[in-house]
Amino acid sequence: MPGKTFAVNRGQKFADLFKDRKDVAAVMEGKILHDLGDAAEHNMEITPVLTTSEEGLKILRHSAAHLLANAVTELYPSAIPSSGPPTEEGFYYDIEMQPPSENEVENIEKKMKEIAEKSIPIVKEKHSKAELEKMFLRNRFKLENIRESVEKESTVYRQGPYVDFCRGPHVPDTSYLKNIKLLNVASTNYKGDINRERLVRIYGTAFPDSKSLKQYLAMREEAAKRDHRKLGSEMELFVFNSERAPGLPLYAPNGAIIRNELISFMRKLNDEDDWTEVSTPHLFRDVMWKQSGHYAKYKDDMFLFTLADGDSYALKPMNCPGHIMIYESQPHSYRDLPVRISEFGTVYRYEKSGEVGGLTRPRIFTVDDGHAFVAASSIDREIKKILAVMEKTYKTILGDVQATYDLSLIDRNKPESYLMEYRCRKCGTLNEAKRATATGPLTCRECGSEDMEPDFTLWDSASNQLRIALDENNIRYKEYEGEAAFYGPKIDVHVKDALGRSWQLATIQIDFFMPSSFGLSFMNAEGKKETPIMIHRAVYGSIERFLVMALESYGGKLPLWLSPIQAQIITVSEKHNEYGHELRKILKKHGIRATLDSSFETVSKKIKLSLRYRPAYILVIGDNEVQNRLATARDRSNRQKTFSEKELVEKMLEEIRERRIDQGLCL
RNA sequence: GCCACUGUAGCUCAGCAGGUAGAGCAGCUGAUUCGUAAUCAGCAGGUCGGGGGUUCAAAUCCCUCCAGUGGCUCCA
């Protein structure tokens, strides 16, 4: 049905075309959406927007948000709804009210269903700005919105006693909204501004039919089982100890295996692209961070301490200054460039209490960090290379998991938030880079004038080079203003976790400023000193965060090369233990991680108990295997196949070497 | 940091109209020698997140601190 068009004459009501259909949320004329309740303003061709389509589902959920506000204001007349948009998985509404308890939320949901059952028409009305202001006199959020965004007139939607200021469109009546579920309650501030009113945000979801709602809820439950915190304790990967190490996760042996595999894979990729590896201290004197600019901006988020003799130190929140020290320790010629310095550098950031969580937001994490010092002319070439490694890495480890690329740019209205060169309006002198908020009033170093304007040349050039590199690698990306680092624009790669939350992994950042604040240089072809440009890059980003994405996307069933337990050997009875030990030794000798369960239990029980560790293969050893020196392998899909020792080793090594994602041993 | 919820044995959870803790799994001991998701029996294991209060009596009610979870803010 989608795509089918209907011809409509002027004055005809759209609803008349779809009288008996409950799967049409609105109609679309080209790209313009109309409510079903509207009449055509001219002769036109329209297509129905089905509730099952992406666009239709959005409308349905937007209407469900209204229904939520409707229910809340009926139950709590003093509640003031602010705004309630649809989201990717449902909707929410921000409302000023007492935070509801679980029981109250259940009540609200019940009320919503009651209203849905009544099939109350949702009617659009047009009003002048003055009328709107009068209508929403008691709702200061809507009032503010009307004053800011309405020019002459706009629309409201009325369902029974509830009226909402809204552009729409909406479903024709509340009966479309029977399949809803409130999911959780959170707190937020009006317009996300911490200084504005505190609001309650109620999240929910809506679907066109009960089956898809049930499916969604079941999927959410399944996803929760993939949560890395759950998998991590089942598989004995990490240890969280909230008492003694808040936000400081520990790797248990199985977790350390995965971490080390990731590191050695990246070490190999680094080497292929001529990155050298260094190791730098985990702390520096505070002067280092003052010079780099981190102290001014991130002092409150750093682990700082002062010793008895008055010396102050900070744990490193980034690796770049250490790499800079290594770069500057030697003279450089344009012939050595790019100088590529890498490190699996552990950094420490004091994330605020409410912000820490699991391995995705710890206070300590390790970055597969790298800094390329390049001449301005070779920036784009270097970035293209890095992008290529990123794509290869993500494809190899995460398979077809979707990664999105963002280009984060400066907010031109807030030059004071960034390191920025300023030009004197009086004498025209270009002054060195500063962050205006950190340094107080700006004065020209030549004439002392305070009449300075930001000069965006460096920022614009860096942004363009990133754009070009992305385009030339045929990577689809979105641009975001105001998301840049304080020292330069960047490309970020995001991946979603099991609960649908998006996390930043890889990053490429161009930095014109740190090299100059540290006075870095190289000798160019003309024999003159030139300042290099620094490219900060991390392919995994945080190793722990990347590990989480891999772990959750495979539900713990990691590719063989990453699996902590590659072979779980299970003996049928004690008399097979001797061969079990031998087999383990043989596998170990070839670098295959094998564990033996020689306990005096049934095969079934030993298999059952081993599954929590998600071993890649289970090798069962009984009379037949012992007599003929064989092993019977069972893979994660319960396929079985018997091998000679030699064949088993060869096949497993092949799967490991090729870093295969799918299991092929028992095919 | 803000709002809500949560914190009982290694793990998963029960107990919460207040009467000083209970199960399954794991662990240990013994029996069972067994072919692909739990063989049987016994034993041991907790100052109920910390502190304070109300009470004759607190895991249970109140306050406070800490931590975890969800969301907001932030994320170099």
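Throughout, a chain's letter reflects where its sequence line sits, starting with A, and its residues are numbered from 1. Since the structure is predicted, the reported quantities are computational estimates derived from the model, not experimental observations.
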For this session: Using atom CG of A:L183 as one end and atom C1' of B:G71 as the other, report the distance to the nearest whole Å.
Result: 12 Å
May I ask you to say what [X] touches in the nucleic acid, namely base, sugar-phosphate or nothing, with a heavy-atom cut-off under 4.0 Å?
X	answer
A:P317	base
A:T632	base
A:V356	sugar-phosphate

Any [X] side-chain N or O less than 4.0 Å from OP1/OP2 of [N]:
X	N	value
A:S353	B:G1	yes
A:S187	B:G71	no
A:K490	B:A76	yes
A:R229	B:G70	yes
A:R501	B:G71	yes
A:K605	B:A26	yes

Exercise. Any stacking of A:Y487 on B:A76, going by centres under 5.5 angstrom and planes within less than 30 degrees?
Worked result: no
Exercise. According to the interplanar angle, ranging from 0 to 90°, do the rings of A:Y540 and A:F546 count as parallel (below 30°), tilted (30 to 60°) or perpendicular (above 60°)?
Worked result: tilted
For this session: Could you check whether the rings of A:Y190 and A:F141 sit parallel, tilted or perpendicular, using 30° and 60° as the cut-offs?
Result: tilted
For this session: Count the heavy atoms of every other residue, nucleotide or ligand shown that sit under 6.0 Å from CE of A:M325, and state whether that count exceeds 12.
Result: no
Exercise. Does any donor-acceptor pair link the side chain of A:E243 with the base of B:G7 at a separation under 3.5 Å?
Worked result: no
Exercise. Taking atom types as they are modelled, is there a donor-acceptor pair under 3.5 Å from the base of B:C75 to the side chain of A:R349?
Worked result: no
Problem set entry | For B:U47, the Watson-Crick or wobble partner whose two distances fall under 3.5 Å | none
Exercise. Does B:C40 have a Watson-Crick or wobble partner in any strand here, with both distances under 3.5 angstrom, and which is it?
Worked result: B:G30
Exercise. Given that A:N638 and A:S242 both sit by RNA chain B, which one's nearest nucleotide is further toward the 5' end?
Worked result: A:N638
Problem set entry | Of A:K575 and A:R361, the one whose closest RNA chain B nucleotide lies more 5' | A:K575
For this session: Measure the spacing between CD of A:E645 and CG of A:L587 and express it to the nearest 0.5 Å.
Result: 8.5 Å
For this session: Tell me yes or no: between the side chains of A:E343 and A:H323, is some donor less than 3.5 Å from an acceptor?
Result: yes
